[in-house]
Amino acid sequence: MANNAVTNFHANSRLHFIGSWRARYDVFLDAKLAQKQHDSATNRTRDVASTSRATPRTIFHVDMDCFFASVAMRARPELSTETPLAVSWGTSASKRGEVSSANYAARAFGVKAGMWLDEALRLCPELVLAPYDFAEYEKVALEVYEILFEASRGECVGISCDEAFIDVTSRCESEDAVAVAEQIRRDVYAKTKCACSIGIGSNMLLARLATRRAKPDGAFRVEPKDEREFIAKTRLADLPGFGRHAGEKLQKSTKIRVTDTCETLLKVPVATLKSALGAQKTEKLLEAARGIDKTPWCVRPQRKSIGAQMSWGVRCASNEVAMDYVKQLVREVAYRMQRLKIRGRALNLKLWRAIPDVNTMRDYQGHGACDVLTRTKAMRELSNDTELIISEALTILRELNVEATSIRGLGVSITKLEHGAETATSPGAKQPTLSQMFAKRTAEKATHEEETCVLAASDEELAETESEGDDDVADTQSQLTQNDCDFTLFNSQAEIDSDRERSIRDAFEAAARAYAWQRFELGRLKLSKRRRDTLSEDEYARRACARAADVIATQARRSYAQDGETGLNALLNDARALCRSQELLHETYSSQGAAFIAAWLDRVDSVGKTIVIGSSSL
DNA sequence: ATCCTCCCCTAC
DNA sequence: TAAGGTAGGGGAGGAT
């Protein structure tokens, strides 16, 4: 049971969404930069990835105001802006969980992000709670990025789903910076119904600090003549990179508090700071305290590591279970590497080991008090091959020699990466067929079908023929519930044990829907012309889904008959890959389709993991 | 000297 | 106590 919680959490967690933002954004960036190269044939080529800025620039720091809460608000048009609302995993009944984001009405009651829900409800009993909606955050974020790219002609550095820097130096030679910022803010609001704030400064640091003054829903510029004064009065806690531990160390050795200003810090002997914080950190801190920021401007930084970890609900009854967790993590990482065409040379295993006798039984699912161990190993070869990485990872796990029952979390990450390399060709790598599948979007002509992916039924298989008559309509209709299709993938109980049937059916249902939507939206999934004319678009899409599910069910049965469990797992991997590939298709899809597919992706993802982990820990 | 490993710290 | 993921940078100290 605990494993279900793990996998569901993993796919639905706010931290996972935030942490994996870069990967989603990269897909968008690639499309953007490719388009830009195309533009440069007609326009003048511009330096997209310039690495440093010596001269003063005009930098905007664009930050969405209480992003998750704003997105939640637009889904609830009946609420006035005066209604306090918070996004949280918990409900007002359970009062468990933390506030992830609170709108400004809620903040007026003292409700803040990070606060426990029971406290938030005590401060503000009428607080409206909204669930996470990751698909929607992604959609809004990319809409905002679209605007920022436009406004800055591609000079946009994405920080997260709700935050970015843009360089508008050249544009602000002829236009007033604040006016430009206000225009961007209006554009963002018009497109997304979400407010953002913009800080303006001569470098990224000053722009970021300016945003603090701009919020909420405003713009603020640090004028060049005011920079000295501005930074001098800035609190140390506001400087980026200056966290809790740095604050404590500083206070211990210098009596300076994080609430003191940069001005104060500069009076401290440099040697004192260095012994407390280290040379590099001191250097950076002192630069920041003078308003200097030498961070390179890089629109598309190269990824240096890629990994996945789990430290929630991890409980291992035996070594085999621990090995299964590791295998599952490696599959996730290898899959991402294959999709991104990245290979690596070094493997890092991270393991949370419970500290004996410390709060041991108090945990429900959390990792509790732990030592965190990490081990690095050079891999036999530059690779992104699932099996190779699994064997290397299991070697490390064995060498760490940790009692399985004390393991509270595991992580796998790959470093020393090489980009753009060819993908592993070993048997495990079925996914490339999917990249082939979706590479076609950008391909000049829509030649289809070297698709060997199990789920990728040919269009012919999916297409209904004109000759199918009204009987078929009735047939299909009988399979439809009021709002949805009925996806029966496994008809016989004997085909698969009933415990797992439900999960697998769920996964394939989601996969089938995603698949059908892709085809539908690409205009390649066709019902008969007559039917298309008589059905509403919604109804048409539903039938198309039902049709696709049917074909996939047949394939699933065939695959199970042929390869048993192995065949099913391969199918599940494909299902996950298929749904994930929606990330590649944002530009092609309608927003409705993209949102649907994103939701199904989550389901396939979690069901897929549940099955693999669950089956091996039975 | 320089690199590497195993941490620690930070941001979002 | 509590949905504790992903990624980057740096330091100490050992290996080369």
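Reckoned from all heavy atoms, side chains included, excluding hydrogens, waters and symmetry mates. Convention: sequence-line order gives letters A, B, ...; per-chain numbering from 1.
Taking only side-chain nitrogens and oxygens, A/His16 comes nearer than 4.0 Å to OP1 or OP2 of C/dT6. Between A/Arg14 and C/dG4, a side-chain N or O to OP1/OP2 separation shorter than 4.0 Å is present. Contact between the side-chain N/O atoms of A/Arg336 and the OP1/OP2 oxygens of C/dT6 is found at a separation under 4.0 Å. For A/His367, no side-chain nitrogen or oxygen approaches OP1 or OP2 of C/dG4 to under 4.0 Å. Phosphate proximity of B/dC12 to A/Arg208: present, with a side-chain N or O under 4.0 Å from OP1 or OP2. When the side-chain nitrogen and oxygen atoms of A/Ser305 are compared with OP1 and OP2 of C/dG8, one or more of them lie within a distance under 4.0 Å.
Nearest to the side-chain atoms of A/Ala246 among the listed nucleotides B/dC12, C/dT6, B/dT10 stands B/dT10. Nearest nucleotide to the A/Lys304 side chain, out of C/dT6, C/dG8, C/dA2: C/dG8. Counting only heavy atoms from C-beta on, A/Asp118 has its side chain closest to C/dA2 among B/dC9, C/dG9, C/dA2. For A/Asp162, counting side-chain heavy atoms from C-beta on, the closest listed nucleotide (B/dT10, C/dA7, B/dC12) is B/dC12.
Counting to the nearest Å, the C1' atom of C/dA7 and the OH atom of A/Tyr25 are 16 Å from each other. Put simply, CE on A/Met204 is 14 Å from P on B/dA11, counting in whole angstrom units. Atom pair A/Ile159:CD1 and C/dG9:P shows a separation of 12 Å (rounding to whole Å applied). A/Trp352 has its CH2 atom 12 Å from the P atom of B/dC8, to the nearest Å. Rounded to whole angstrom, the span from the NE2 atom of A/His245 across to the P atom of B/dA11 amounts to 11 Å. Across the protein-nucleic acid pair, A/Glu287 atom CD and C/dG10 atom P stand 11 Å apart, rounded to whole Å. Rounded to an integer number of Å, the gap from A/Leu329 CG to C/dG4 C1' is 14 Å. Taking atom CZ on A/Arg408 and atom P on C/dA2, their separation rounds to 12 Å, with Å as the unit.
Atom CG of residue A/Leu142 and atom CG of residue A/Leu148 lie 11.0 Å apart, to the nearest 0.5 angstrom. To the nearest 0.5 Å, the span separating CG on A/Asn203 from OG1 on A/Thr295 amounts to 8.0 Å. Atom CG of A/Asp324 sits about 9.0 Å away from atom CG of A/Leu394, to the nearest 0.5 Å.
Side-chain contact, A/Asp65 with A/Ser197: a donor N or O sits under 3.5 Å from an acceptor N or O. Residues A/Trp297 and A/Glu155 have side chains that bring a donor and an acceptor to within less than 3.5 angstrom of each other. Side-chain contact annotation: A/Ser383 with A/Glu381, donor-acceptor N/O pair under 3.5 Å absent.
Shown here are the salt bridge (charged side-chain N to carboxylate O under 4.0 Å, His left out) partners of A/Asp217, two or more places apart in sequence or in another chain: A/Arg185.
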### Summary
Counting primed atoms, P, OP1 and OP2 as sugar-phosphate and everything else as base, the B/S/- map of nucleotides 11-16 of chain C against protein heavy atoms under 4.0 Å is S-----
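Residue A/Leu117 is out of contact with every strand shown, counting any heavy-atom pair closer than 4.0 Å. In this structure, A/Ile18 reaches the bases: a heavy-atom distance under 4.0 Å links it to at least one base atom across the strands shown. Contacts of A/Gly241 with the nucleic acid, taken as non-hydrogen atoms under 4.0 Å apart, involve only primed sugar atoms and P, OP1 or OP2.
With salt bridges taken as basic N to acidic carboxylate O contacts below 4.0 Å, one links A/Arg24 and A/Glu138. Checked for salt-bridge contact, A/Asp385 and A/Arg343 miss the test: no charged N lies under 4.0 Å from a carboxylate O.
The only member of A/Lys191, A/Lys139, A/Lys32 that meets salt bridge (Lys or Arg N to Asp or Glu O under 4.0 Å) when paired with A/Glu146 is A/Lys32.
Taking both residues in full, the closest heavy atoms of A/Met115 and A/Gly110 are given as CE-O, 3.1 Å, listed atom of the first, atom of the second, then distance.
Ranked by how close their nearest DNA chain C nucleotide is to the 5' end, A/Arg303 and A/Gly97 are led by A/Gly97.
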Which atoms of nucleotides 1-5 of chain B (N or O only) lie under 3.5 Å from a protein N or O atom, and what are those distances?
none

